[in-house]
Amino acid sequence: MDDTGKLFIGGSRKPDDSLNKSEYLELKFGNRHGLVTGATGTGKTVTLQVLAEGFSKAGVPVFAADIKGDLSGIAMKGEAKDFLLKRAEQIGFADYDFEQFPVIFWDLFGEKGHRVRTTIAEMGPLLLSRLMDASEPQEGVINIAFKIADKANLPLLDLKDFASLLNYMAENASELSTQFGLISKASVASIQRGLLVLEQQGAEHFFGEPALKISDIMRTNPNNGYGQISVLAADKLMMNPRLYATFLLWLLSELFEELPEVGDPAQPKLVFFFDEAHLLFNDAPKVLTERVEQVVRLIRSKGVGVYFVTQNPLDVPETVLAQLGNRVQHALRAYTPREQKAVKTAADTFRPNPDFDCATTITNLGTGEALVSTLEGKGVPSIVERTLVRPPSGRIGPLSDPERQTIMDRSPVLGLYDEDLDRESAFEILATRAKQAADAAAARKAQDELQSAPPAGSGETTGWTLPGFGDKDDDDDRSRPQPRRSGYQRETIIEAAMKSVTRTVATQVGRAIVRGILGSLKR
């Protein structure tokens with residue numbers, strides 16, 4: 001079959017169950033986003049695999065989350081099984097063959113893939129507040145913390161850096177409140193407790209360096225030109241759904257910021273699959289939902305296609321749903337009023353087919369069968385068709401641990417992200433400055449004792465302030481500490497929080513830092 005410039009999805013059936021025609025997704029509309037929905041066990045994961053294989057074969061890099069581990073099989077050649085061969089025969093897929101695809105495995109915890117990290121600064125105040133489920137006053141304090149870090153040239157790389165800055169803010173709340181607005185010690189304490197919770201949930205693995213480079217998820221295989229498929233191991237990550245959703249939203253924001261405008265290319269530059277998409281919108285504040293809508297609407301001009309995968313079309317807000325041009329609807333159940341509403345919503349979003357009623361058909365679809373409508377012509381949705389989804393060429397099901405390790409050992413990013421990089425950041429700068437202040441106070445005290453007559457008004461305090469926030473002697477000491485040895489073991493957040501040392505930094509640099517649409521810090 002001639003599928004140049006197209007991604008083969010499957011074969012549609014006539015009302016008498018005979019073969020109608022082949023269904024395709026035109027690559028030039030691949031960046032117009034899409035939606036894959038259906039109840040559990042109806043074939044969403046296999047459809048995701050089929051789409052990922054099709055994009056990869058066309059030379060388009062793919063990023064997808066692997067919630068259950070089943071998607072990992074795409075890295076190995078499929079096996080000829082009766083039900084696969086039968087499906088290929090049913091849809092007239094004469095040149096069906098098995099092959100493996102180039103895959104890079106990623107894992108926030110570094111267990112089932114290469115480590116993937118970002119910094120606190122790159123995450124930005126909005127997404128960090130979302131991750132911590134911060135209240136409005138707490139979100140205000142988080143925004144102030146980022147402003148102070150910007151003004152004082154204070155690198156925020158990991159959770160411990162942020163905890164150190166919060167300690168300083170709590171101890172100098174009165175002075176800072178006059179410049180930035182009210183800083184409540186109670187709000188700071190709540191945020192500090194939230195950081196401890198994040199650490200216990202494993203979020204400290206996500207923050208640090210080396211940070212993920214967007215170019216490393218946009219690779220093509222040099223041997224066959226296939227797009228690399230980046231598979232994020234998300235089974236353990238899903239134990240913290242908010243971290244999962246925040247991470248993927250951060251990745252979208254980074255793509256939006258870093259990629260250039262390309263208009264409507266012949267095929268996407270990257271396709272991004274957001275599985276369990278409802279987690280992104282659960283309890284999300286209105287401002288976050290609006291910005292997600294804005295990113296989805298604008299990121300297509302960067303050549304990025306975003307495909308939401310979820311059980312129910314009602315999981316996605318209408319404003320976002322309206323941006324999704326390519327749709328694959330698997331079976332839905334209609335036992336409750338909400339499920340019945342979901343069926344009606346799904347049916348109403350399709351361009352009607354006079355041969356069948358969409359609402360009735362959705363509840364009667366079999367496993368691996370779906371209603372499919374894609375953009376065609378000048379970007380108009382095609383008439384919906386009842387379609388048997390083609391069988392994948394890669395393996396269906398998870399890889400074994402040895403197979404996964406073999407793939408990782410020959411990965412193109414091997415060694416780039418697997419070791420922590422520990423450079424000087426806020427924690428070290430603040431701790432060094434506090435030590436210098438304490439040493440100076442101790443020296444003054446010793447001199448006073450020798451003279452037995454301390455100058456009037458002198459004290460024994462070791463208090464100090466950030467440069468630019470009331471420190472009149474800052475010009476006397478502008479030296480910065482040398483980077484620590486790589487073998488130095490950094491303290492945990494709990495240890496940092498227990499040491500209520502006063503904080504400052506060495507210099508004040510007047511640089512402007514521009515954050516992106518979701519509050520991320522541009523590199």
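Heads up: numbering here begins at 1 and tracks the sequence. All figures in this text were calculated on a predicted structure; none of them were measured in a lab.
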Walk me through it: do Thr246 and Met123 pass the test side chain to side chain contact (heavy atoms under 4.5 Å, CB included)? CA-CA 9 Å; Thr246 304; Met123 174 65 74; 3.9 Å; yes

Mind running salt bridge (Lys or Arg N to Asp or Glu O under 4.0 Å) on Arg115 and Asp420 for me, showing each step along the way? CA-CA 9 Å; Arg115 286 285 302 277; Asp420 290 336; 3.6 Å; yes

Contacts of type salt bridge (Lys or Arg N to Asp or Glu O under 4.0 Å), residue Arg300, not counting sequence neighbours: Asp264

Only one of Val60, Val306, Val304 clears side-chain contact (heavy atoms from CB on, under 4.5 Å) with Pro268; which? Val60

Run the numbers on Val116 and Phe247 for side chain to side chain contact (heavy atoms under 4.5 Å, CB included), then give the verdict. CA-CA 10 Å; Val116 53; Phe247 163 70; 3.9 Å; yes

Could you measure the distance from the OG1 atom of Thr119 to the CG atom of Asp161? Nearest 0.5 Å is fine. 9.5 Å

Validation: residues 131-138 side-chain donor-acceptor distances under 3.5 Å, sequence neighbours left out:
unit_1 : atom_1 : unit_2 : atom_2 : d
Ser135 : OG     : Gln138 : N      : 3.4
Gln138 : OE1    : Ser135 : N      : 3.1

Run Lys435 and Asp439 through salt bridge (Lys or Arg N to Asp or Glu O under 4.0 Å) and show every step you take. CA-CA 6 Å; Lys435 185 178 183 302; Asp439 290 345; 3.0 Å; yes

In short, Val141 meets Ser187 closest at the heavy-atom pair CG2-CB, 3.8 Å

Only one of Leu280, Val316, Val309 forms a side-chain contact (heavy atoms from CB on, under 4.5 Å) with Phe274, so which one is it? Leu280

Quick one: are the ring centres of His114 and Tyr417 less than 6.0 Å apart? no

Can you check whether Phe63 and Phe273 have ring centres sitting under 6.0 Å from each other? no

CA sep, side-chain torsions, deciding dist, call: Lys213, Glu258, salt bridge (Lys or Arg N to Asp or Glu O under 4.0 Å): CA-CA 10 Å; Lys213 294 181 180 178; Glu258 293 197 11; over 6 Å; no

Between Lys112 and Phe105, is NZ or CZ placed under 6.0 angstrom from the six-membered ring centre and within 45° of the ring axis? no

Once the angle between the rings of Phe162 and Phe146 is folded into 0 to 90°, is it parallel (under 30°), tilted (30 to 60°) or perpendicular (over 60°)? tilted

Kindly compute the distance separating CG (Leu71) from CG (Leu232), expressed to the nearest 0.5 Å. 10.5 Å

For a salt bridge (Lys or Arg N to Asp or Glu O under 4.0 Å) check, start with the C-alpha distance between Arg117 and Glu209, then their side-chain angles and the critical distance, and finish with the verdict. CA-CA 6 Å; Arg117 312 173 187 80; Glu209 291 185 319; over 6 Å; no

For the aromatic rings, using the six-membered ring if either is Trp, is the centroid distance between Tyr307 and Phe272 under 6.0 Å? no

